[in-house]
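This report refers to the structure that appears directly beneath it.
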Protein chains: 2
Amino acid sequence: MHDFSEPHTPTEAPATGLDPSAQPGAVERGAATRQALLDTAERLFAEHGYGATSLRRITAAADANLAAVHYHFGSKQDLFVALFRRRVEPVNRQRVERLERLIAASAPQAPPLEDVLDVLVRPMLALRDEPGGEHFVRLVGRLFAEPGDHLTALREEFDEVRSKFLPVLAAQLPHLDREQLALRMQFTIGSLANVLAQAHRSNGPTCFPPFTTTPERVADELVAYAAAGLRAPVRRTPPDAPAAPNDTEPLQ
Amino acid sequence: MHDFSEPHTPTEAPATGLDPSAQPGAVERGAATRQALLDTAERLFAEHGYGATSLRRITAAADANLAAVHYHFGSKQDLFVALFRRRVEPVNRQRVERLERLIAASAPQAPPLEDVLDVLVRPMLALRDEPGGEHFVRLVGRLFAEPGDHLTALREEFDEVRSKFLPVLAAQLPHLDREQLALRMQFTIGSLANVLAQAHRSNGPTCFPPFTTTPERVADELVAYAAAGLRAPVRRTPPDAPAAPNDTEPLQ
DNA sequence: GTCTATAACATGATAGAC
DNA sequence: GTCTATCATGTTATAGAC
């Protein structure tokens with residue numbers, strides 16, 4: 001449906017100083033609507049989901065024209081990718097840089113588990129404090145659950161991060177084989193994704209207490225939780241032998 | 001948009017023995033297409049998402065007529081709710097029943113943490129072994145990340161489960177206050193949801209090793225991981241004092 | 001760069017014959 | 001209970017005036 005190979009460029013020469021239609025301030029206006037589209041789409045995608053958010057709603061809320069999306073980004077998908085990259089690239093760059101700093105600081109030993117996890121989760125959770133970031137983190141939380149149609153390109157960015165973190169974590173977790181480590185990292189990523197996805201429910205529609213929690217506090221808790229979980233010894237005996245071995249009736 | 005209040009009923013008297021149009025075997029045919037619709041929709045919703053799956057694709061794949069969905073279920077949303085309830089109600093019933101058995105067995109003490117977690121996660125993971133269940137678990141994984149439009153009614157079913165499990169877990173975790181416990185339970189639910197959502201990628205498109213893991217094995221690992229995470233002492237000092245306090249540049 | 005108008009098509013839902 | 005035909009509305013995307 002879409003190949004993501006060549007990024008969209010508005011006109012033939014938008015990077016030059018020539019104003020495209022000889023109107024003064026046209027280029028500033030263009031940059032303004034472009035940013036308004038990114039911000040508004042980010043909010044609406046987070047609130048209603050990608051499929052349920054039409055370009056009409058986005059452009060209306062951003063006080064822009066329907067055609068502006070296609071001019072600036074090329075398509076709905078490219079708009080999504082653009083707003084996603086805008087936030088996630090600085091985060092992933094921070095993660096990798098800080099990880100390398102950790103490795104250098106503790107060489108030749110591997111860095112402590114808690115520190116590695118901290119570097120993995122804190123930059124993402126910190127997004128919640130940036131303007132508009134509270135919407136974006138919900139999108140990230142959905143990224144891992146959504147089926148693989150329109151965001152495979154984005155998942156690859158996370159794959160790069162994971163490939164750098166996995167060996168460092170493995171060095172501190174020698175009691176886990178490859179499969180166990182991968183599984184427990186799925187748990188850890190799921191914990192992060194879920195807390196990101198629920199971040200907006202600050203006053204809890206469910207039985208959760210009202211969250212006055214700061215991102216820093218959440219990061220502290222998540223690091224403690226994940227480190228303990230990763231270190232947990234491999235389980236031997238399934239403790240609750242099911243009294244009734246299979247008490248599910250056939251589907252109606 | 002939709003109120004979920006009164007469920008759909010195909011005709012005035014479909015529960016009676018009267019065949020609706022005097023055709024022999026009509027009622028059996030009706031039940032067959034109804035089931036085919038449920039199974040097919042479950043698979044397609046899991047593979048492409050709710051919004052991206054049209055009724056036309058469902059009915060075509062199920063060898064049924066487009067109007068059959070509206071006859072049997074009333075609407076697309078009601079079809080979704082029906083296929084969801086079909087699977088999740090037995091699971092949640094099992095969870096609550098087994099929990100009560102645990103409580104009775106260990107009274108007056110609270111049951112062991114690992115046993116409670118086992119009862120919470122294993123019935124859901126076991127769905128993967130039922131025919132068609134491998135599609136359904138992906139839907140569950142998405143339920144927690146998806147925004148709150150068309151599945152609030154379903155989330156309430158999980159709220160009931162959580163309200164029964166929370167106090168039992170709290171009894172074994174006296175070092176956590178309400179907020180910490182709620183947060184760590186979000187981590188735990190996220191771990192479960194993520195592993196459910198990724199359950200179909202058995203041979204891993206990413207750097208994960210090929211999973212030959214059975215649901216029982218996953219449940220063992222998850223219980224060990226979550227129990228250790230929940231028991232982890234509250235963290236005191238953020239260990240990695242960020243060298244550069246905030247090295248994020250403003251958004252482009 | 002912006003905007004109007006419209007193409008080209010997909011969607012969920014429904015009425016009514018069989 | 002199944003089917004065809006259709007309604008009303010929505011969607012992304014594009015062409016062309018300004």
Side-chain angles (χ1 to χ4, degrees), chain A residues 1-2 8-37 41 44-45 48-60 62-81 149-150, chain B residues 1-2 8-37 41 44-45 48-60 62-81 149-150:
Chain A
M1 38 171 61
H2 202 273
H8 177 74
T9 297
T11 71
E12 293 296 299
T16 78
L18 314 167
D19 47 3
S21 68
Q23 296 203 353
V27 53
E28 292 87 346
R29 276 231 300 158
T33 61
R34 189 189 148 91
Q35 181 133 347
L37 287 173
L44 292 178
F45 282 152
H48 309 109
Y50 177 84
T53 304
S54 66
L55 294 182
R56 290 179 143 81
R57 286 181 62 172
I58 294 170
T59 51
D63 269 317
N65 191 269
L66 174 59
V69 169
H70 295 91
Y71 176 79
H72 283 285
F73 301 98
S75 74
K76 185 187 182 184
Q77 292 224 12
D78 291 339
L79 168 62
F80 184 84
V81 172
D149 40 354
H150 53 98
Chain B
M1 38 169 61
H2 201 274
H8 177 75
T9 297
T11 70
E12 292 298 298
T16 76
L18 315 167
D19 46 4
S21 67
Q23 297 204 353
V27 53
E28 293 87 347
R29 275 230 302 157
T33 62
R34 188 189 147 91
Q35 180 131 347
L37 287 174
L44 292 178
F45 283 151
H48 308 109
Y50 177 84
T53 304
S54 67
L55 293 181
R56 291 179 149 82
R57 287 181 63 172
I58 295 170
T59 51
D63 270 316
N65 191 270
L66 173 60
V69 168
H70 294 91
Y71 175 80
H72 283 285
F73 301 98
S75 75
K76 185 187 182 184
Q77 291 223 14
D78 291 340
L79 167 63
F80 184 84
V81 172
D149 41 353
H150 51 98

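Labels below follow one simple rule: chain letters A, B, ... track the order of the sequence lines, proteins then strands, and each chain is numbered from 1.
When rounded to the nearest whole Å, the span between CG of Asp63(A) and P of dT2(C) equals 12 Å. The interatomic distance linking Phe80(B) (CZ) with dG12(C) (P) rounds to 14 Å, in whole Å. In this structure, CZ of Phe73(B) is placed 15 Å from P of dG12(C), rounded to the nearest angstrom. For the pair Leu44(B) CG and dG12(C) P, the computed distance is 12 Å after rounding to whole Å. Atom NE2 in His8(B) sits roughly 12 Å away from atom C1' in dA13(C) (whole-Å rounding). For Gln77(A) and dT12(D), the CD to P distance is 11 Å, given to the nearest whole Å. Arg57(B) has its CZ atom 13 Å from the C1' atom of dT11(C), to the nearest Å. Spacing between atom OH of Tyr71(B) and atom P of dA15(C) amounts to 15 Å, rounded to whole angstrom units.
Checking the phosphate oxygens (OP1, OP2) of dG1(D), no side-chain nitrogen or oxygen of Thr33(B) falls inside 4.0 Å. Contact annotation: Asn65(B) side-chain N/O to dT4(D) OP1/OP2 distance is under 4.0 Å. Look at His70(B) and you'll find a side-chain N or O under 4.0 angstrom from OP1 or OP2 of dA13(C). Within the 4.0 Å cut-off from OP1 or OP2 of dA10(C), not a single side-chain nitrogen or oxygen of Ser54(B) is found.
Using a distance-only test at 3.5 Å, with no hydrogens or angles considered, no donor-acceptor pair links the side chain of Lys76(B) to the main chain of Val69(B). In this structure, the side chain of Thr53(A) does not engage the main chain of His48(A) through any donor-acceptor pair within 3.5 Å.
Taking for each of Arg29(B) and Leu55(A) the nucleotide of DNA chain D with the nearest heavy atom, the 5'-most of the two is the partner of Arg29(B). Nearest-nucleotide positions on DNA chain C place His72(A) closer to the 5' end than the other of His72(A) and Leu66(A).
Closest approach to the Val27(B) side chain among dG12(C), dA13(D), dG1(D) is made by dG1(D) (side chain taken as heavy atoms from C-beta onward).
Taking 4.5 Å as the limit, some side-chain heavy atom of Phe73(B) sits within range of a side-chain heavy atom of Leu37(B). Within the 4.5 Å cutoff, the side chain of Phe45(A) has heavy atoms near those of the Ile58(A) side chain.
Using a 4.0 Å heavy-atom distance criterion, Thr53(B) is classed as a sugar-phosphate-only contact.
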Contact list (N/O, under 3.5 angstrom) for nucleotides 16-18 of chain C vs protein:
none

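In this structure, NE2 on His8(B) lies 7.5 Å from OH on Tyr71(B), to the nearest 0.5 angstrom.
Residues passing the side chain to side chain donor-acceptor pair (under 3.5 Å) test with Thr33(B), sequence neighbours excluded: His72(B). Considering only residues two or more places apart in sequence or on other chains, His70(B) meets the side chain to side chain donor-acceptor pair (under 3.5 Å) condition with none of them.
Between the side chain of Arg56(A) and the base of dG10(D), no donor-acceptor pair of N or O atoms lies under 3.5 Å.
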